[in-house]
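A single structure is presented below for examination.
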Amino acid sequence: MAPKETLSSPEPSRKAELVIKLSEFEIPPTQDILLVGRRAPIGPEAARRMVDAVSPEQYELISLDHEIFEAIVVKKSLLTLLPKDKLLPVVIEEGNRIADANMVIKAQVNISIQVSRTVDI
Amino acid sequence: MPTIEGLLSSALYTIEAWASVRRAAAVMEYHGIGCLPVLDEEGQLVGIITSRDVKGSHPNRLVADAMSREVVTVDPSASLWEAHDLLLSHNIERLVVVKDRQVVGIITGSQVAAELGKYVDPLTDLHKAEILYERAVRLLAKGWEISVVFLDLDDFGRLNKEYGHVHGDRILVRTAQILKSLTVEERDTLCRYGGDEFAVLTPQPPSAAAGLGREMVKAVEGEKWPLPVRISLSAGIAGGGRSGNADTARHLKELAAGLVNAASLASSRAKRLKVPVLVADGANLPELKPPAEVRA
């Protein structure tokens with residue numbers, strides 16, 4: 001039970017409680033793809049500078065002519081698996097469903113290639 | 001003709017491309033200005049950010065992400081008229097003034113318009129003579145042949161004395177309207193040269209300019225004037241172009257002034273001889289074909 005403050009009590013006591021959550025900083029924090037909204041707090045140039053600083057030469061910035069997104073930052077390794085014209089429309093379409101122009105959307109993309117071949121035996 | 005250099009203020013405020021929009025807004029507000037040229041790390045112009053850009057962007061953004069990268073620049077030696085043309089053709093409100101690849105200032109459309117207003121005759125709304133000289137020098141610099149039609153109202157002093165200056169002013173205004181209706185705006189420059197004198201600069205040979213002069217004289221004489229007096233004009237024509245080494249600004253100004261003077265003297269002579277139009281001696285240059293866009 002908390003002590004009752006009365007007129008004759010001494011100065012009230014004040015305490016601070018600290019809750020600390022530690023986790024590893026993800027590098028790069030952008031993951032695979034960033035969709036940059038037209039009115040987002042960071043623009044394409046800032047996004048490019050950020051990824052260049054933390055992961056030099058690993059990302060490509062592509063300007064978009066799109067109602068909501070101004071640019072897309074994409075991990076170059078993804079583009080070796082899938083060409084831009086196949087990958088980007090899908091990501092943009094899905095981002096479009098959930099985002100508005102004020103947002104920066106981070107997307108994690110897993111690409112698995114399925115191959116089935118037959119050989120003569 | 002003054003250049004835009006005269007419009008530049010000593011204070012120039014710029015911002016780095018990597019500053020925040022928030023900071024750009026603060027700089028603009030503090031200095032009471034509507035835009036900032038944006039410079040890169042080397043101090044080179046890379047864009048311009050306006051108060052409109054600031055309003056439409058998140059304050060956390062980099063200036064580089066909010067600025068316009070298409071900047072229309074102008075040299076400080078450009079004339080007011082050249083600046084005016086640039087603003088109109090690009091449909092913009094500001095020009096960044098750049099000298100030797102360094103930003104030296106910004107001029108606005110309203111500044112240019114206000115300055116140009118000083119070269120408009122308030123009575124007739126025609127240009128003042130300075131504009132004619134400026135355009136003459138520009139045409140001569142491009143290698144064009146030009147002609148000047150100098151027009152003088154006959155006995156205008158007597159008309160002013162007999163009927164008063166209010167009527168005199170009305171005749172000047174109507175004469176200006178008649179002359180303007182006979183010029184081609186994209187081709188000719190009509191100005192009120194002085195009290196009752198008008199001048200037309202046209203990039204045509206003297207023979208064509210004489211034709212224009214005759215038309216003008218005829219139109220003014222054919223007008224139904226409210227006063228019971230005969231209103232007439234005397235016109236003098238002079239034409240010529242750049243020759244030899246006459247290509248410095250001073251030479252071209254002298255050449256333009258010489259043509260205006262010759263046309264003015266021809267107009268006085270026409271008045272004395274009581275002929276409507278007189279072409280100045282030595283101005284009968286061979287017929288030179290103007291560039292296609294002028295002929296069109």
Side-chain angles (χ1 to χ4, degrees), chain A residues 25-76 79 84 88 91-92 95-107, chain B residues 13-30 33-73 90-94 96 98 101-103 106:
Chain A
F25 181 69
E26 201 180 329
I27 295 178
T30 42
Q31 290 189 351
D32 298 320
I33 287 177
L34 274 187
L35 285 161
V36 183
R38 291 210 162 269
R39 291 194 302 275
I42 66 162
E45 197 53 46
R48 187 186 63 78
R49 287 210 144 202
M50 177 183 72
V51 294
D52 277 356
V54 295
S55 315
E57 296 164 17
Q58 288 180 43
Y59 287 84
E60 184 178 338
L61 176 82
I62 299 160
S63 295
L64 300 177
D65 182 17
H66 189 267
E67 195 184 343
I68 291 177
F69 302 119
E70 190 174 358
I72 187 165
V73 183
V74 58
K75 205 174 200 174
K76 285 179 181 173
L79 299 176
K84 270 183 213 172
L88 300 191
V91 177
I92 292 166
N96 205 15
R97 290 179 199 279
I98 58 155
D100 64 33
N102 296 302
M103 299 166 79
V104 179
I105 298 292
K106 181 169 75 168
Chain B
Y13 304 104
T14 59
I15 196 154
E16 314 81 55
W18 317 121
S20 68
V21 168
R22 184 182 287 108
R23 183 153 165 256
V27 172
M28 283 189 218
E29 192 183 346
Y30 183 79
I33 49 178
C35 75
L36 291 166
V38 183
L39 308 181
D40 65 10
E41 286 97 336
E42 280 84 42
Q44 297 299 305
L45 180 71
V46 289
I48 186 167
I49 185 162
T50 65
S51 47
R52 188 180 294 177
D53 296 327
V54 164
K55 279 176 199 149
S57 301
H58 193 286
N60 199 48
R61 277 203 168 205
L62 295 179
V63 167
D65 281 329
M67 69 184 187
S68 168
R69 290 178 190 275
E70 286 164 19
V71 192
V72 182
T73 62
H90 289 87
N91 194 24
I92 49 174
E93 175 51 24
R94 295 175 183 86
V96 178
V98 174
R101 300 183 66 215
Q102 295 295 314
V103 178
I106 282 188

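Keep in mind that what you see is a predicted model, and the values were worked out from it rather than measured. A note on names: the letters A, B, ... follow the listed sequences, proteins ahead of strands, and every chain is numbered from 1.
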**Report entry** Greatest number of heavy atom pairs closer than 4.5 Å to chain A - which of V21(B), D65(B), L62(B)
**Finding:**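 Maximum pair count with chain A is reached by D65(B).
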
Query raised in the report: Is the count of non-hydrogen atoms from other residues, nucleotides or ligands lying under 6.0 Å from Q31(A) atom CD greater than 12?
Result: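 Yes, CD of Q31(A) has more than 12 neighbouring heavy atoms, counting only those of other groups under 6.0 Å.
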
Query raised in the report: Is it the case that more than 12 heavy atoms not belonging to E70(B) sit under 6.0 Å from its CD atom?
Result: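 No - once you tally the heavy atoms of other residues, nucleotides and ligands closer than 6.0 Å, there are 12 at most.
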
Query raised in the report: Which members of residues 35-52 of chain A, sorted by number, sit under 4.5 angstrom from chain B on a heavy-atom basis?
Result: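 From residues 35-52 of chain A, the residues near chain B are V36(A), G37(A), R38(A), R39(A), A40(A), P41(A), I42(A), G43(A), P44(A), E45(A), A46(A), R49(A).
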
